[in-house]
Protein chains: 2
Amino acid sequence: MVSATLTKHSDLDGQAPFKGCQENFKQPEGLVGKNPGRKQRLSAHDVLFYEGDKAERLYEVVRGVMMLYKLLPDGRRQVVYILREGDMLGFSNRDFFDCTAEALTEVELQVFEGREISTSPMMQHYVNRCLLSQMENLHEHTVLLGRKSALERVSTFLMGLVPNRGGHGCEGPLEEGQPDTRTVELSMTRQEIADYLGLTIETVSRVISQLKRRGLIKVEKQDSIHISNICGICQLTGMH
Amino acid sequence: MVSATLTKHSDLDGQAPFKGCQENFKQPEGLVGKNPGRKQRLSAHDVLFYEGDKAERLYEVVRGVMMLYKLLPDGRRQVVYILREGDMLGFSNRDFFDCTAEALTEVELQVFEGREISTSPMMQHYVNRCLLSQMENLHEHTVLLGRKSALERVSTFLMGLVPNRGGHGCEGPLEEGQPDTRTVELSMTRQEIADYLGLTIETVSRVISQLKRRGLIKVEKQDSIHISNICGICQLTGMH
DNA sequence: TCAGCAATTTGATTTGGAACAATCGGATTT
DNA sequence: AAATCCGATTGTTCCAAATCAAATTGCTGA
């Protein structure tokens with residue numbers, strides 16, 4: 001069922017001039033008929049495609065986390081985007097991918113062939129919505145890379161992992177029966193985080209240790225971080 | 001005549017799965033009929049819209065140069081995109097602009113109302129093409145901000161101003177009667193360049209002086225730079 | 001032509017993060 | 001349980017770019 005895969009942006013409706021056609025999202029039959037629903041699975045660190053590969057299909061992340069990155073000839077790497085459930089990848093302006101796509105965790109993908117996209121207005125609209133969302137995230141990340149300190153970068157990164165941030169009661173104790181949204185899974189090594197934030201592993205590690213020492217976070221099993229003081233971290237992002 | 005305004009991406013055709021519908025670009029009558037062709041003019045440093053303004057129309061840069069930027073609460077600024085002839089702006093995923101748009105030079109814009117975009121497949125395709133192009137440029141700029149040195153940043157910036165770069169004969173003398181593509185107009189102050197490259201004005205100035213001393217460029221009237229040795233600059237971008 | 005001002009350049013100093021170098025800690029293997 | 005491995009952490013030193021501070025250049029208008 002394709003409607004289950006087109007989930008992430010359905011809450012983004014409004015009166016913007018160019019935002020896709022949300023009414024169609026409620027009736028996905030047109031696409032279901034044509035799309036055999038091909039799925040693809042990846043293990044952590046599998047590469048889906050390399051920069052320079054021929055761009056022939058689009059993918060939607062159904063489960064798991066992926067990253068897009070670019071390499072400089074001398075080996076420096078910059079992770080340019082993190083893709084989560086509902087995000088699409090595989091876009092290309094030219095014939096070839098401008099980034100490498102690699103799985104950070106186990107990943108399940110929905111695959112769309114080129115022709116199904118260009119012939120389906122619904123797909124076009126959904127793809128457009130994804131592009132706009134990615135563009136805004138890239139703008140925000142550009143500010144991080146161009147103007148923020150290491151502490152601000154790591155704090156911003158952590159805040160980005162907290163679901164429904166911006167709500168009130170950010171200091172209160174955990175509600176009974178609620179999932180613990182204050183414990184976030186990094187699903188990335190220190191090296192991957194560093195390459196995403198434009199820092200070195202050592203700097204990322206030092207900032208995390210500093211936040212730990214200040215009592216703002218607790219590190220559990222290195223890949224899982226409990227944010228004891230969300231407001232405190234939020235104040236450190238440079239955005240408040 | 002709208003065809004004159006939809007120029008920039010016509011050379012980007014290919015077999016990519018999702019790249020707009022270039023055949024339509026040859027027959028722009030559909031759009032001409034509906035679009036009264038409203039134009040808008042800006043002087044240098046005029047703001048077209050502010051971050052947070054309601055997003056209600058799209059714009060195409062017909063002439064001149066603009067920038068998109070974001071501000072942090074303490075006044076730090078990051079220029080996230082430079083828009084030139086053929087580029088579109090005004091996209092929004094939500095109802096509000098995520099960036100401020102300001103003219104760097106005198107600018108002439110073509111204005112498109114929200115409904116004309118969502119009802120015209122041709123516009124949708126063109127907009128899509130623009131989004132994909134901007135996305136790739138943002139990826140490249142992300143690498144610059146995250147991983148490049150000041151010298152590499154400024155060199156990359158200069159190379160981005162050279163039209164048809166990558167051609168042969170980059171060292172040869174000027175052809176008779178050819179426009180001098182080796183003299184580029186910055187159309188930006190040092191502060192604007194610094195805010196684009198994630199540096200300070202002093203660092204930008206020092207790198208430019210260094211390139212001057214090394215005989216790679218000549219600065220004319222501060223806003224115009226003659227690149228005496230394109231290959232030399234190209235080698236400094238970190239990409240070769 | 002000459003103030004006056006703003007933008008740029010240049011100089012001196014500081015500093016945040018990189019680079020280099022151990023060490024630690026948890027997981028896996030034997 | 002000991003050995004190995006690999007990612008993460010911590011310590012030290014170094015350096016590129018930021019910051020602070022003049023000096024210079026170029027532009028504008030009287």
Side-chain angles (χ1 to χ4, degrees), chain A residues 44-45 72 74-79 104-105 144-158 185-214 216-226 236 238, chain B residues 43-45 72 74-79 104-105 143-158 185-214 216-225 236-238:
Chain A
H45 307 296
L72 290 174
D74 64 1
R76 281 175 287 178
R77 180 172 76 163
Q78 178 64 44
V79 173
L104 287 166
T105 63
L144 179 145
L145 293 173
R147 290 296 177 222
K148 289 192 183 178
S149 69
L151 180 60
E152 289 170 333
R153 291 179 200 208
V154 173
S155 301
T156 305
F157 174 69
L158 290 176
E185 295 296 315
L186 299 184
S187 7
M188 296 168 82
T189 65
R190 296 289 183 272
Q191 185 63 64
E192 287 154 354
I193 296 170
D195 287 346
Y196 182 49
L197 301 181
L199 300 169
T200 59
I201 30 173
E202 293 95 331
T203 300
V204 170
S205 184
R206 269 183 251 274
V207 171
I208 290 175
S209 297
Q210 189 197 331
L211 294 176
K212 213 168 16 174
R213 243 178 290 120
R214 290 217 241 166
L216 295 164
I217 63 172
K218 287 191 190 68
V219 178
E220 296 153 8
K221 302 193 288 84
Q222 284 181 346
D223 191 51
S224 180
I225 291 192
H226 177 82
L236 294 174
Chain B
S43 304
H45 306 295
L72 290 173
D74 63 3
R76 281 175 288 177
R77 181 173 74 163
Q78 179 64 44
V79 174
L104 286 166
T105 64
V143 176
L144 179 145
L145 294 173
R147 287 297 177 223
K148 289 192 183 179
S149 70
L151 181 61
E152 289 170 331
R153 292 180 199 207
V154 173
S155 301
T156 305
F157 174 68
L158 290 176
E185 296 295 316
L186 300 183
S187 7
M188 296 169 82
T189 65
R190 296 290 183 272
Q191 185 63 65
E192 286 154 355
I193 296 170
D195 287 346
Y196 182 50
L197 301 181
L199 300 169
T200 59
I201 29 173
E202 293 95 330
T203 300
V204 171
S205 184
R206 269 183 251 274
V207 171
I208 289 175
S209 297
Q210 188 197 331
L211 295 176
K212 214 167 15 175
R213 245 178 288 120
R214 291 217 240 165
L216 295 165
I217 63 172
K218 287 192 189 65
V219 178
E220 295 152 10
K221 300 193 288 82
Q222 284 182 343
D223 191 51
S224 180
I225 290 192
L236 295 173
T237 60

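In what follows, chains carry the letters A, B, and so on, assigned in the order in which the sequence lines appear, proteins first and then strands, with residues in each chain numbered from 1.
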B:R190/B:I208 under side chain to side chain contact (heavy atoms under 4.5 Å, CB included): CA gap, chis, key distance, verdict: CA-CA 10 Å; B:R190 296 290 183 272; B:I208 289 175; 3.8 Å; yes

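- On a pure distance criterion of 3.5 Å, no polar donor-acceptor pair joins the side chain of A:R206 and the base of C:dG16.
- Between the CG atom of B:D223 and the C1' atom of C:dT9 there is a distance of 16 Å, given to the nearest Å.
- If you check every strand for non-hydrogen atoms under 4.0 Å, B:E202 touches a base.
- Residues B:R214 and B:L151 share a closest heavy-atom pair of NH2-CD2, 3.5 Å.
- Candidate nucleotides C:dC20, C:dT8, D:dA18 were compared by shortest atom distance to the side chain of B:T200, and D:dA18 ranks first.
- Between C:dG17, D:dA17, C:dT8, one nucleotide has an atom nearer to the side chain of B:L199 than all others, and that is D:dA17.
- Atom CZ in B:R77 sits roughly 15 Å away from atom P in D:dA18 (whole-Å rounding).
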Candidate pair A:L145 and A:R153, rule side chain to side chain contact (heavy atoms under 4.5 Å, CB included), full reasoning: CA-CA 8 Å; A:L145 293 173; A:R153 291 179 200 208; 4.0 Å; yes

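- In terms of position along DNA chain C, the nucleotide closest to B:R147 lies nearer the 5' end than the nucleotide closest to the other residue of the pair B:R147 and A:Q222.
- Across all strands shown, A:S205 has heavy atoms under 4.0 Å from base atoms, whether or not it also approaches the sugar-phosphate.
- Atom CG in B:L236 sits roughly 15 Å away from atom P in D:dA16 (whole-Å rounding).
- Heavy-atom distances to DNA chain C give each of A:R153 and A:K221 a nearest nucleotide, and the one nearer the 5′ end belongs to A:R153.
- Counting any heavy atom pair closer than 4.0 Å across all strands shown, B:I201 reaches no nucleic acid atom.
- Atoms CG (A:L197) and C1' (C:dA18) sit 15 Å apart, rounded to a whole Å.
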